[in-house]
Enquirer: 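First, the structure itself, so that you have it in front of you.
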Amino acid sequence: FDPSDISIDAFMQEAFLKLGEPRDVAEFASLFHHFASWWPRRNEPGVLWLFYDDMKEDLEGQVKRVAAFLGVDDAETIAMATERSTFAYMKEHAGQFDEKRAKQIRNPCAGLPVTAGEGVGKVRVGGGQRHLLSDATKAMIDSLWERICQPVLGAKDYDDWRCSWHKEIDRLRTAEH
């Protein structure tokens, strides 16, 4: 089996979208269940909610949020963390972000050759690839969102959810001052 033989559409339908609500803490949850289960805890101490898109749009601001959450206020450390979180830095140092050891352990468990996926790292340009999906897969995603996420998150889709979170953060900041 060559993992490159499967399309993103087939992967979504046959793997990602088949994950459900976990039966116990050791089982993987769907991304939808993950969002819905953590969202009510978003304002608890020890929980920091981040959107990947926010990091792409304002890396320095998000690194500062993480630093403040961790109690780090050293400007030099924050600057270094920001620089080392850029795509350019990770691409230049791609070997440091290789998943080779994890793949060697995971692949046999998934019925794949130990070497499957070698040379394919996480450092790549891109983001949402919804445009690559079939209408049927998009409909499955929308249906799962509506059934699992919308009742808990109160948002019609991911973008609406992210926007409502930004409004909530702004209200909290205003209340603090």
Enquirer: Using 30° and 60° as the class limits, which term best fits the ring planes of W161 and Y158: parallel, tilted or perpendicular?
Expert: perpendicular
Enquirer: Distance check, rounded to the nearest 0.5 Å: M80 atom CE versus D74 atom CG?
Expert: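 Rounded to the nearest 0.5 Å, the CE-CG separation comes out at 8.5 Å.
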Enquirer: So do E168 and R42 actually touch side chain to side chain, heavy atoms under 4.5 Å?
Expert: yes
Enquirer: Is any side-chain heavy atom of R65 less than 4.5 Å from a side-chain heavy atom of I169?
Expert: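 A side-chain contact under 4.5 Å exists here.
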Enquirer: Do any pairs count as a side-chain hydrogen bond (donor to acceptor under 3.5 Å, both in side chains) and have a residue in residues 139-150, sequence neighbours left out, and if so which ones?
Expert: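 For residues 139-150: R130-D142.
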Enquirer: Indicate, with yes or no, if M140 and L19 share a hydrophobic cluster defined by side-chain heavy-atom contacts under 4.5 Å among Ile, Leu, Val, Met, Phe, Trp and Tyr.
Expert: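 Shared cluster, no.
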Enquirer: Might you point out which heavy atoms bring P22 and F28 nearest each other, and give the distance in Å?
Expert: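 Here P22 and F28 meet closest at CB-O, 4.1 Å.
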Enquirer: For E44, enumerate each residue passing the side-chain hydrogen bond (donor to acceptor under 3.5 Å, both in side chains) test, keeping only those at least two apart in sequence or located in another chain.
Expert: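 Testing E44 for side-chain hydrogen bond (donor to acceptor under 3.5 Å, both in side chains), a comparison that skips the adjacent residues, returns R41.
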Enquirer: Do the side chains of W165 and L153 get nearer than 4.5 Å, heavy atoms only?
Expert: no
Enquirer: Testing the basics here: between A81 and V63, what is the closest heavy-atom pair and its distance to 0.1 Å?
Expert: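 Looks like CB-CG1, 3.9 Å.
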Enquirer: Below 4.5 Å, heavy atoms only, C-beta onward: do L31 and L144 meet side chain to side chain?
Expert: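 Contact flag for L31/L144 side chains = no.
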Enquirer: Drop me the distance from E83's CD to I78's CD1, to the nearest 0.5 angstrom.
Expert: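 Reported to 0.5 Å precision, the distance equals 14.5 Å.
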Enquirer: Counting C-beta onward and ignoring hydrogens, is there a side-chain heavy-atom pair between D135 and K138 closer than 4.5 Å?
Expert: yes
Enquirer: With a 4.5 Å cut-off on side-chain heavy-atom distances among I, L, V, M, F, W and Y, is there a chain of contacts connecting L48 to V72?
Expert: yes
Enquirer: To the closest 0.5 Å, what do you measure between CD1 (I148) and NE2 (H33)?
Expert: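 Spacing of CD1 (I148) from NE2 (H33) equals 4.0 Å.
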Enquirer: Spell out, as yes or no, whether a donor-acceptor pair under 3.5 Å connects the side chain of H93 to the backbone of Y89.
Expert: yes
Enquirer: Counting the benzene-type ring for Trp, do W49 and W39 have ring centres under 6.0 Å apart?
Expert: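 When the ring centroids of W49 and W39 are compared, they turn out to be within the sub-6.0 Å range.
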Enquirer: So which atom in P40 and which in S37 form the shortest heavy-atom distance, rounded to 0.1 Å?
Expert: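 P40 and S37 have their closest heavy atoms at CD-O, 3.6 Å.
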Enquirer: Measuring from I141:CD1 to F32:CZ, what's the distance to the nearest 0.5 Å?
Expert: 6.0 Å
Enquirer: Between T137 and S134, is any side-chain donor less than 3.5 angstrom from a side-chain acceptor?
Expert: yes
Enquirer: What's the separation between atom CD in E60 and atom OG in S85, rounded to the nearest 0.5 Å?
Expert: 11.0 Å
Enquirer: Could you give the distance from OG1 (T82) to CE (M55), rounded to the nearest 0.5 Å?
Expert: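 If we round to the nearest 0.5 Å, T82:OG1 and M55:CE are 9.0 Å apart.
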Enquirer: Looking at every heavy atom in both K18 and Q13, which two are closest together, and how far apart are they?
Expert: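 Nearest pair, atom of K18 first, then Q13: CG-O, 3.5 Å.
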Enquirer: Any side-chain heavy atom of R162 within less than 4.5 Å of one from D54?
Expert: yes
Enquirer: Please check if L50 and L70 belong to a single hydrophobic cluster, counting links between Ile, Leu, Val, Met, Phe, Trp and Tyr side chain heavy atoms closer than 4.5 Å.
Expert: yes
